[in-house]
Each structure stands twice: as C-alpha cells, then as structure tokens.
Amino acid sequence: MTNDVPANPDNCWRIGILYSRSGATSVTESEHFFGTTLAIEEINALGGVLDRPLAPTAYDPKGDSGEYRRLASRMLMDDEINVIFGCSRSSSRKAVLPVIERTNALLWYCSFYEGFEYSPNVIYTGAVPNQNSVQLAAYLLQNKGKRFFLVGADYIYPRESNRVMRDVVEQHGGEILDEVYLPIEAGKGELEEVLRDIKAVQPDVVFSTLVGESARLFYTLYREHGLDPASTPIASLSMLEEEIRLIGPELCEGHITAATYFGSLENESNERFLGLWRQRFGDRPTSTWSEMAYTQVHLFALALQRAGSLDRRKLVEAVRMVRFDSPEGPVAVDAENNHCVLTPRIGVCRRDGQFDVVWESSEPVKPDPYLSTFGFSEFWLT
C-alpha cells in the first residue's frame with residue numbers, strides 16, 4: 001500500500017494510518033499496519049464504499065508519543081483527514097486524544113487496553129479487562145495455582161492491568177508474591193535479575209505485561225534460568241503468534257495468552273481471512289493485533305456505507321447499527337460506550353507457534369470498560 005491519493009480527491013474517502021513500523025513496538029504495530037492494509041485493499045478491490053475507494057495516508061511515529069501527536073495534527077490540519085486508524089499503546093492514544101477531540105475527528109483504536117476511558121471521538125475495538133484479564137485470572141486460579149508474580153513495563157497499561165489482576169487474585173484467595181516494573185526497553189541484565197527473583201520465590205504463574213523487545217527477550221531467557229512453563233507458565237495478554245515466531249516457538253510452548261482471536265480458530269470467516277493474509281504476506285502469522293486492525297476497517301466501511309459521510313457524528317451513529325462477522329466471530333460496537341462486544345478466549349502455545357484454545361466464552365461479552373458491574377462469580381470458568 002502506498003500513500004498515493006487518486007488524482008481527483010473528491011472521488012475517494014481520505015483516511016489516515018498512524019502506526020509505528022520502527023521503534024520499540026514496531027513488531028506489533030506493523031501487524032496493525034498490515035491488517036489495516038489488507039482490509040483497505042480488499043474493500044477497494046470490491047469497488048470501495050459507495051463506488052469510491054479508500055485513500056490512505058500513512059505516517060510512522062517511530063514509537064514516540066510526541067511524534068504521534070505531531071503527525072496526528074499534521075493529518076488533521078494539513079492533510080484535512082478526519083478519520084485516523086492508529087496508536088497501539090495507551091500512551092500514544094492519550095497523546096493524540098486532545099487533538100482528535102479538539103478537531104472533532106474520529107480515532108479507531110484496535111489494541112486491547114486497560115479501560116477506564118470514554119471519548120465520543122474514539123471507537124475502541126480492542127478488548128477491555130472484563131473481556132480478557134478477568135477470564136485469564138479465573139483460568140489461572142482454577143488451573144495453575146494461587147501464587148502470582150507480576151512483571152511489567154513501566155507505563156499506564158501494565159500498571160492498570162496488574163491492578164485488576166491483583167484485585168481479582170487477592171479477592172479469591174490468591175497471593176501476589178511481587179510486582180516489578182522495568183523500563184519499556186529493559187535490557188538483559190534487568191530481565192535476568194527479575195528471572196532470578198522468580199526462580200527464588202517459585203510462583204505458580206508469572207503474569208507479564210512486558211512489551212516489545214524486552215518481552216521477547218524475557219521469554220527467550222526464561223528456560224535458561226531453570227524455569228519450566230509446564231510448572232510455572234508465563235501468562236500474558238500480548239504474547240502472540242508473530243512475536244512467538246521471532247522468539248522461537250519451541251521456547252514458548254506451554255505459555256498462556258488471553259485474547260479474543262487466535263490464528264488457529266476454525267470458522268469460515270477466519271479461513272477466508274487466512275487465505276487473503278497468506279496471499280498478501282506469505283507465511284507471516286496472523287494474530288489479534290492484525291485481525292482486529294483488519295476488523296475495525298471493515299466496521300468502518302459498513303458504517304461509511306450507511307452514513308455516506310466522513311462526519312464524525314454520522315459515522316459513530318452508523319457504526320452502532322452494524323455488525324461484522326469477523327475472523328474472531330461477530331463484532332459490534334456497544335452504543336453505551338463505543339467499545340466492542342467481543343468473545344474472550346484463552347490459548348496455550350503449541351510447539352508450532354499456534355495456540356490450543358483451552359477455553360472460550362459461550363457467547364460474545366459486552367464491554368464494561370469501567371468494571372462497573374464487576375462480579376467475579378459471573379466469570380468463573382466452566
């Protein structure tokens with residue numbers, strides 16, 4: 001995909017793409033970018049929306065919050081773009097939110113995140129804690145034990161995720177042995193110090209919210225320090241197929257991830273998605289990063305078809321009235337909070353780098369970004 005816009009700008013729908021393809025989170029944000037690209041190309045190949053193509057302008061913020069803000073402003077002010085698909089971490093989302101709201105634009109944010117936010121100018125298509133963290137805590141308490149060690153990167157999402165995990169674990173008889181935070185780009189020495197601590201206290205499970213290269217190195221070093229996933233797995237919300245491929249699947253076998261999508265899902269929509277993906281990107285695996293980016297562009301296209309306009313208010317009203325049969329299952333936007341109804345799942349990594357889904361919700365779960373109706377019993381897994 002290029003940044004080229006058709007010669008007649010009045011005959012296309014101009015949209016922005018703002019994902020980092022370099023920097024600390026380049027692997028996962030590149031997956032966002034590729035999923036977005038695939039959906040745009042697919043929609044345009046079918047004639048676009050209302051016979052007009054989607055015309056993307058893409059910038060690379062390089063993982064820097066200031067660059068996200070600057071480039072979002074450039075899109076909104078100079079490029080006169082009103083709809084942006086972008087940001088991956090909460091820090092980058094919060095960096096662009098003031099300019100998004102000030103210009104009454106619309107941000108589509110596809111990463112799972114810590115919740116506790118609402119903006120009329122954002123469609124949140126990733127999972128919130130009542131769609132991943134709570135189910136993961138229940139699964140771990142039921143199947144792995146009650147002694148937890150928490151390690152994460154030092155920014156908003158890990159701290160909030162750990163707060164939810166601590167609350168659930170301690171409310172239900174579990175124990176948090178330690179809670180450690182490292183720089184986003186933590187090095188080998190810092191990670192090895194944490195691994196020695198884990199080896200010393202012997203938890204039943206390690207809950208990791210490390211990201212990027214540090215997360216991959218943590219998994220790489222895990223077995224070297226005498227830690228066995230069979231007895232002490234790493235549980236995560238973010239360690240998925242592409243990063244596992246980069247680490248080496250044999251090093252990740254037995255570790256646990258909670259997500260709404262895994263590439264191993266067997267349904268017609270996922271088979272179609274996998275076929276399109278492989279034709280475009282070869283043997284690079286899909287993941288929830290790429291799948292939700294793909295899904296939200298299709299939700300946008302359905303809303304645009306209905307609204308016939310890139311006006312923020314009209315698009316938001318329209319997207320609340322559509323549903324997309326995505327590779328992970330039916331996805332719709334909850335009109336109460338602009339977050340998506342999603343199907344939680346828990347997977348255990350296999351030696352081939354895919355996941356065995358060991359639990360999934362019997363039906364899609366409404367988003368509750370503020371955990372306002374939180375009651376753990378309703379999430380107890382059966």
Side-chain angles (χ1 to χ4, degrees), residues 28-29 31-40 42-43 85 88 108-113 115 123-136 139 236-244 256-278 280-281 284-303 319-320 322-334 337-350 353-369 379 381:
T28 53
E29 294 205 49
E31 291 187 70
H32 284 329
F33 181 81
F34 294 144
T36 303
T37 296
L38 187 65
I40 291 171
E42 180 187 6
I43 290 163
F85 299 87
S88 182
W108 294 74
Y109 181 76
C110 66
S111 290
F112 52 86
Y113 84 112
I123 301 296
Y124 307 82
T125 57
V128 289
N130 80 303
Q131 296 167 317
N132 56 12
S133 293
V134 174
Q135 291 83 359
L136 180 59
Y139 177 84
S236 172
L237 303 172
S238 61
M239 187 53 66
L240 293 154
E241 291 90 340
E242 172 61 10
E243 289 195 284
I244 285 167
I256 300 166
T257 300
T260 57
Y261 170 85
F262 293 104
S264 57
L265 293 181
E266 296 180 359
N267 63 61
E268 186 175 334
S269 294
N270 191 40
E271 287 302 313
R272 184 174 180 280
F273 175 56
L274 291 173
L276 291 169
W277 181 269
R278 288 165 183 157
R280 183 65 169 82
F281 301 114
R284 186 186 184 105
T286 59
S287 73
T288 195
W289 301 107
S290 53
E291 183 272 336
M292 187 47 77
Y294 170 88
T295 290
Q296 72 172 9
V297 175
H298 276 282
L299 279 171
F300 160 73
L302 290 171
V319 79
R320 293 169 175 173
V322 300
R323 189 183 92 154
F324 179 58
D325 289 324
S326 79
E328 67 179 77
V331 173
V333 175
D334 190 322
N337 52 44
N338 285 3
H339 291 67
C340 277
V341 179
L342 302 169
T343 302
R345 296 177 170 93
I346 295 169
V348 176
C349 186
R350 304 192 309 230
Q354 291 293 318
F355 284 83
D356 286 325
V357 178
V358 295
W359 178 85
E360 67 179 358
S361 175
S362 59
E363 60 185 13
V365 172
K366 281 175 62 68
D368 183 9
F379 298 109
L381 310 185

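As a basis for the values below, the full set of heavy atoms in this structure was taken, side chains included, without hydrogen atoms, waters or symmetry mates.
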[atom1]/[X] to [atom2]/[Y] distance, rounded to the nearest 0.5 angstrom?
X	Y	atom1	atom2	answer
D325	H298	CG	NE2	11.5 Å
E271	L265	CD	CG	10.0 Å
I123	L299	CD1	CG	9.0 Å
L342	S326	CG	OG	8.0 Å
S264	L274	OG	CG	9.5 Å
Y294	T286	OH	OG1	11.5 Å

Between the main-chain N or O of [Y] and the side-chain N or O of [X], is there a donor-acceptor pair closer than 3.5 Å?
X	Y	answer
Q296	A293	no
Y109	S88	yes
Q131	V365	yes
E328	T288	no
W277	R284	yes
N267	P327	yes
S361	P344	no

Heavy-atom side-chain proximity of [X] to [Y] below 4.5 angstrom:
X	Y	result
I40	F85	no
L302	V319	no
N338	R320	yes
T28	S238	no

According to salt bridge (Lys or Arg N to Asp or Glu O under 4.0 Å), who are the partners of [X], at least two apart in sequence or on a separate chain?
X	result
E243	R216
E360	R345
R278	none

What pair of heavy atoms forms the shortest contact from [X] to [Y], and how long is it?
X	Y	result
V331	C340	CG1-SG, 3.8 Å
H32	S111	NE2-OG, 3.0 Å
S287	L240	CB-CB, 4.0 Å
S236	L136	O-CD2, 4.0 Å
L38	F273	CD2-CE1, 3.8 Å
C110	M292	O-CG, 3.5 Å

*Partner residues of F262 under the ring pair (Phe, Tyr, Trp, His ring centres under 6.0 Å) criterion, sequence neighbours left out*: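 Applying ring pair (Phe, Tyr, Trp, His ring centres under 6.0 Å) to F262 gives F355.
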
*Any residue meeting side-chain hydrogen bond (donor to acceptor under 3.5 Å, both in side chains) with D356, in chain and number order, not counting sequence neighbours*: R350

*Does S133 have any side-chain hydrogen bond (donor to acceptor under 3.5 Å, both in side chains) partners at least two apart in sequence or in another chain, and if so, which?*
none

*asked:* Pair N132, T260 - check side-chain contact (heavy atoms from CB on, under 4.5 Å), show working.
replied: CA-CA 8 Å; N132 56 12; T260 57; 6.0 Å; no

*Look at D368 together with K366 and state whether they make a salt bridge at an N to O cut-off of under 4.0 Å.*
no

*asked:* Below 30° counts as parallel, above 60° as perpendicular, anything between as tilted: where do the rings of F281 and F34 land?
replied: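 Because their plane-to-plane angle lies in the 30° to 60° range, the rings of F281 and F34 count as tilted.
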
*When the aromatic ring centroids of W289 and Y261 are compared, is their separation below 6.0 Å?*
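Centroid distance W289-Y261: not below 6.0 Å, so no.
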
